[in-house]
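Scroll down for the structure; my scribbles are underneath it.
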Amino acid sequence: MKLLLVEDDDETAAYLERGLIELGHSVDRMSNGRDALQVSQGRYDVIVLDRMLPEVDGLTVLNAIRTAHVTTPVLMLTALGSIEDRVEGLEAGADDYLAKPFSFAELIARVNALGRRSTVQEQQLLAAGGRICLDRIKREVSRDGQRVSLQPRELRLLEELMLNIDRVVTRTMLLESVWDFHFDPKTNIVETHVSRLRSKLNAGYSDDPIETVRGAGYRINSFA
Amino acid sequence: MPRRAVSTAYRIAGFFSISFAVATILLGTAVYLVSHDALQNQLDERIESEMASLLRIYKAGGQSRLVEAVVAREEIRGARNLGYVVTDTSRRRLAGRLNTEIPPPGWSKIPFRDRPESDDYARALSVGLNQGGSLIVAADGEPIEQIDETMISLFAAAFGLMLLVGIAGSYILGSFIRGRLDQLNRAAEDIIEGDLGRRMPIRSGGDEFDRLSTTLNRMLDRIGTLMNNLRQVSSDIAHDLRTPLSHIHQQLETALVSPPGERDRAAVARAIASLDEVLKLFEATLRIAEVEGGALRRSFKDVDLSKLVAGVAEGFAPAVEDGGRSLSNAIKPNIVVKGDRDLLAQALANLIDNALLHTPAGTTVWVELARHNGGPTLSVVDNGLGVPDEERTRLLQRFTRLERSRSSRGHGLGLSLVAAIAATHDAELTLDDANPGLAVRLAFPITGGADR
């Protein structure tokens, strides 16, 4: 993907750039808001924007981008982690908001999620070589044509993984999208649900289409 | 600053005294005009009735009788009141001592000189007689003029008095206000200088200034509380950071001296994990401070508490079961409170987390949402080991952990966040003995029949 990174802290920028390039993305880096405004017109798949910038701050840049009808997804980074700041950022037009410090896996998972082409409109989701099928309207899952009975939450969890097919979905992202929790409970409800999902989905099978990516999250693949 | 306060007070008082003075002038003018008119009319009536009676005499007795009557009247009354002139057809004066030229018929104002020096005016009525000639009856306007002059002086004096009273009043009012404001200013200056415990003075009168002082004092109390919170948070953070930070230090030192391989990677991984714990601690502390700050109340909306509690409980259920415990719930539907959805979810999640962390396997956890005494009450009750009375109060303070759970996960902030969230939602948080176990209740304020 073609990414725009707007970050004034050189160390952080270098770190992010390195990681993103290693994963095969192309990165343009700007270090202040004014420069960012000049290049931001729709040539990028995702914009990673730091909130605290010199000259023109991140929120102002975001407002300007949205006013100019640039619909590029924006992931806002910030050292300000308060609830109010997050709400402000999202209301200003950010598609996602990540507080520093974050793990790189978290950042890349969210960038990937933002950059995905719209599978959101599709009714049927497929995975594992087409053997797993999820019908979003009927709320049904089948494996090799056989119906798999799932609790609504488990189905939602699988849906989220399949919407982000071939990409890592972090625990935090799942907590937000499946449970609507903007915090991390001490109890590992995600792991529990994934394990339940697995036991139901994999009953009678020896392979597990759901992959645990250590230190990152979970992933389901288009091909087994 | 005091100068400004005085000028406002002066302005107000000045405005009012000028208004009263202007009102006096207007009133005076009205009174003057009305009474002047009335007196004038009275005079005219007198002239008319006199004229009427003289005309009756003329009608009855002709010119000679008229002349007699006029002369007689002049003898009796004296020259000051009414003046008369009777003329014949050739304008020759027949009677009357009124020293004036002959006006045309009808009402007119004639100059008349009853003393050679004076130059007075009189109101005159002139009537043509049947046989020729005219009869003129006139009255001196001087008494009216005198009354007019008196009235004008009176009202001028009143106006002047009003102005004087106004000026004096402005000064007094200004000084009074300035005095009260100076008191407040001085108290504020002291607070700025550092006397943070100082409060605004309150007299027992209960007037506007006292109300202002009371409100300012409440504001200062609130600021004081927030500052104390901040101080407490800083010292708590410092206190609780030392251990994990020194762990991280040790782990990274180990990594530094270990040859590249499993050992140093493991040490670095542990350091990162410790760092994450530290960051969670920071975030939890800041979250508590943010919630206690109260700013989030501004964006409170209606929250379907029934749906929210059901959702959270259901989200936890599998994890509860996997841990060898059970979760059951009794949730009344359609209970709505005003608040923040995310905070309420987090509060409930923290309570369920705690129930799982601090109870042994086999414990049952109940989540209940019902109305008690008109207000929605959320309860999380477990039948575990419970908490001794003395410790229950301490539990709500930051960073406190039960002695026996010291080694378990969690940094003890969960319950204090719940307390902060409860407070900001105006809900009462209580911890009770569930015999056995612990019952945590959040009693929300009574809503005015919000059951939709």
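Naming convention: chains lettered A, B, ... in sequence-line order (proteins, then strands); numbering from 1 in each chain.
More than 12 non-hydrogen atoms from other residues, nucleotides or ligands lie less than 6.0 angstrom from CZ of B:Arg297. Counting heavy atoms of neighbouring residues, nucleotides and ligands inside a 6.0 Å radius, atom CD of A:Glu88 exceeds 12 of them. Around atom NZ of B:Lys307, no more than 12 heavy atoms belonging to other residues, nucleotides or ligands sit under 6.0 Å away. With a 6.0 Å radius and a threshold of 12 heavy atoms from other residues, nucleotides or ligands, A:Arg139 has its CZ atom above the threshold.
Between the B:Asp353 side chain and the A:Thr187 main chain, a donor and an acceptor come within less than 3.5 Å of each other. The main-chain N or O of B:Ala319 is never found under 3.5 Å from a side-chain atom of A:Arg196 such that the two would form a donor-acceptor pair.
Using a 4.5 Å cut-off between heavy atoms, B:Ile352 does not touch chain A at all. Using a 4.5 Å cut-off between heavy atoms, B:Val312 touches chain A through backbone and side chain atoms alike.
Nearest heavy atom pair, residue A:Ser195 against residue B:Asp322, reads OG-OD2, 4.4 Å. Minimum heavy-atom separation, A:Phe181 to B:Ala345: CE2-CB, 4.2 Å. Counting all heavy atoms, side chain and backbone alike, A:Glu84 lies closest to B:Ala295 at OE1-CB, 3.8 Å. Contact record, A:Phe183 with B:Asp342: CE2-O, 4.0 Å, taken as the closest heavy-atom pair. A pairwise comparison of heavy atoms in A:Pro185 and B:Phe316 identifies CB-CZ, 3.8 Å as the closest pair.
Proximity of B:Asn354 to A:Lys186: side-chain heavy atoms (C-beta onward) are separated by under 4.5 Å at one or more points. Proximity of B:Leu279 to A:Pro101: side-chain heavy atoms (C-beta onward) are separated by under 4.5 Å at one or more points.
If you tally non-hydrogen atom pairs under 4.5 Å between each of B:Glu314, B:Arg287, B:Glu290 and chain A, the highest count goes to B:Glu290. Between chain B and the residues A:Asp180, A:Val87, A:Val190, A:Val178, the largest count of heavy-atom pairs under 4.5 Å involves A:Asp180.
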Item to complete: Decide side-chain contact (heavy atoms from CB on, under 4.5 Å) for B:Glu321 and A:Thr192; before the verdict, give the C-alpha distance in whole Å, the side-chain angles of both, and the deciding distance to 0.1 Å.
Response: CA-CA 9 Å; B:Glu321 281 157 29; A:Thr192 317; over 6 Å; no

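Here the CG atom belonging to B:Leu343 is positioned 4.5 Å from the CD1 atom belonging to A:Ile83, to the nearest 0.5 angstrom.
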